[in-house]
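Reading through the structure tokens given below for one structure.
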Amino acid sequence: MLSGVVGVPLGAWLGATLTKQFPRSHPIICGVGLLISAPLMTLAMLLCEGYFYAPFVLIFFGEVALNLNWAIVADMSLYVVIPPRRSTAEAFQILISHMFGDAGSPYLVGVISEALKLYYSTPSEPASKTAEFRSLQYALFVTCFVEVVGGIFFLITALYIVRDKLKVDRAIAEAEAQNAEPSHSNAQEPLGGD
């Protein structure tokens with residue numbers, strides 16, 4: 001919880017500060033945050049059997065790096081979409097992140113863990129507590145892999161984000177210009193007296 005309290009505002013501050021000088025900084029912050037988080041979380045999971053405090057410290061810093069992207073992703077979702085579609089874009093972004101993250105990942109980790117437990121056991125001898133621990137530990141590494149893939153996608157996004165934002169800004173300016181033009185039926189009103 002504390003990593004979220006630190007990471008989300010830190011990400012928002014970094015994004016607001018760096019974007020002024022580096023227009024591509026939003027996806028780069030998100031990508032680097034994920035690429036920093038993945039090895040920290042992996043190391044925390046590897047050390048959890050032999051150490052008590054080190055995994056907690058590593059998880060804290062890994063989660064801070066992971067939480068850098070929450071505010072920034074919301075910003076990016078809004079400024080690369082035209083205003084009438086922004087609420088729909090934000091809703092889909094939240095839906096997809098929760099569907100594949102919060103809702104889907106525990107199931108996937110469980111399926112992988114159960115499959116690994118079957119590998120460690122035989123019909124006559126169930127998996128030991130160590131095998132159960134290893135199965136869950138190895139299954140959780142999937143989340144670290146997904147962080148790396150996500151980080152790579154964010155870095156690819158950095159190549160296109162400025163162009164996409166300019167397209168949206170141009171579309172907004174064109175729409176405002178069209179709305180500001182007087183209509184042709186009102187432009188030719190007769191002048192004259194009675």
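Along the sequence shown, residues are numbered consecutively beginning with 1.
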Exercise: identify the closest heavy-atom pair between Ala38 and Cys144 = CB-O, 3.7 Å

Provide the closest heavy-atom pair for Ile161 versus Pro23 in the form atom of the first, atom of the second, distance.
-> CG2-O, 4.3 Å

Is there a path of hydrophobic side-chain contacts, each under 4.5 Å between heavy atoms of I, L, V, M, F, W or Y residues, that connects Leu14 with Ile72?
-> yes

Could you tell me whether Phe61 atom CZ has more than 12 heavy atoms of other residues or ligands within 6.0 Å of it?
-> no

List for me each residue that meets salt bridge (charged side-chain N to carboxylate O under 4.0 Å, His left out) alongside Glu114, sequence neighbours excluded, and say none if there are none.
-> Lys117

Considering all heavy atoms, the nearest Gly4-Pro9 contact = O-CD, 3.7 Å

Ser113 (side chain) donor-acceptor with Val109 (main chain) under 3.5 angstrom | no

Minimum-distance pair of heavy atoms, taken over all atoms of Glu90 and Ser77 = OE1-CB, 3.7 Å

State yes or no: do Ile29 and Val8 share one hydrophobic cluster built from I, L, V, M, F, W and Y residues joined by side-chain heavy-atom distances below 4.5 Å, directly or via other members?
-> no

Examine Ile94 and Trp70 and state if one hydrophobic cluster contains both, with Ile, Leu, Val, Met, Phe, Trp and Tyr joined whenever side-chain heavy atoms are less than 4.5 Å apart.
-> no

Please go through Met1's hydrophobic cluster and name the other residues, only I, L, V, M, F, W, Y counting, with side-chain heavy atoms under 4.5 Å joining them.
-> none

For the side chain of Glu147 and the backbone of Leu35, is there at least one donor-acceptor N/O pair under 3.5 Å apart?
-> no

Do you reckon Ile172 sits in the same ILVMFWY cluster as Val81, going by side-chain contacts under 4.5 Å, direct or chained?
-> no

For Phe52, check ring pair (Phe, Tyr, Trp, His ring centres under 6.0 Å) against everything at least two apart and list the hits.
-> Phe56

Using only heavy-atom distances, determine whether the side chains of Ser25 and Thr19 contain a donor-acceptor pair under 3.5 Å.
-> yes

Interatomic distance, CG@Leu118 vs OG@Ser135, rounded to 0.5 Å, equals 8.5 Å

Check the pair Val148 / Leu34 against side chain to side chain contact (heavy atoms under 4.5 Å, CB included), numbers first and verdict last.
-> CA-CA 6 Å; Val148 171; Leu34 287 173; over 6 Å; no

Would you sort out whether Phe22 and Ile28 count as a side chain to side chain contact (heavy atoms under 4.5 Å, CB included), showing the intermediate values?
-> CA-CA 10 Å; Phe22 307 105; Ile28 291 173; over 6 Å; no

Would you give the length of the straight line joining atom CZ of Phe141 to atom CG of Leu136, rounded to the nearest 0.5 angstrom?
-> 10.5 Å

Do Met45 and Pro55 touch side chain to side chain, with heavy atoms closer than 4.5 Å?
-> no

Apply the test side chain to side chain contact (heavy atoms under 4.5 Å, CB included) to residues Gln93 and Thr88: give CA-CA distance (whole Å), side-chain angles for both, the deciding distance (0.1 Å), then the verdict.
-> CA-CA 9 Å; Gln93 185 271 320; Thr88 303; over 6 Å; no

Do Tyr79 and His26 come within less than 4.5 Å of each other through their side chains, counting heavy atoms only?
-> yes

Under 6.0 Å from the OH atom of Tyr51, do we count more than 12 heavy atoms belonging to anything else shown?
-> no

Indicate yes or no: at least one non-hydrogen side-chain atom of Phe154 is less than 4.5 angstrom from one of Val73.
-> yes

State the OG1-CG distance between Thr42 and Leu140, to the nearest 0.5 angstrom.
-> 10.5 Å

Can you measure from CD (Gln137) to CG (Leu116) and round to the nearest 0.5 angstrom?
-> 11.0 Å

Of Ile156, Val162, Thr157, which is the lone residue that meets side chain to side chain contact (heavy atoms under 4.5 Å, CB included) with Tyr160?
-> Ile156

Check against side chain to side chain contact (heavy atoms under 4.5 Å, CB included), Arg170 and Lys165 = CA-CA 9 Å; Arg170 198 174 313 119; Lys165 185 178 184 316; over 6 Å; no

Can you tell if the side chain of Cys30 reaches within under 4.5 Å of the side chain of Phe153, non-hydrogen atoms only?
-> no

N-O pairing of Arg134 and Glu49 below 4.0 Å = yes

Report whether Tyr53 and Leu46 are members of the same hydrophobic cluster (ILVMFWY, side-chain heavy atoms less than 4.5 Å apart, transitive linking).
-> no

Just one of Leu66, Leu68, Asn69, Thr143 clears the side chain to side chain contact (heavy atoms under 4.5 Å, CB included) bar with Ser37, so which one?
-> Leu66

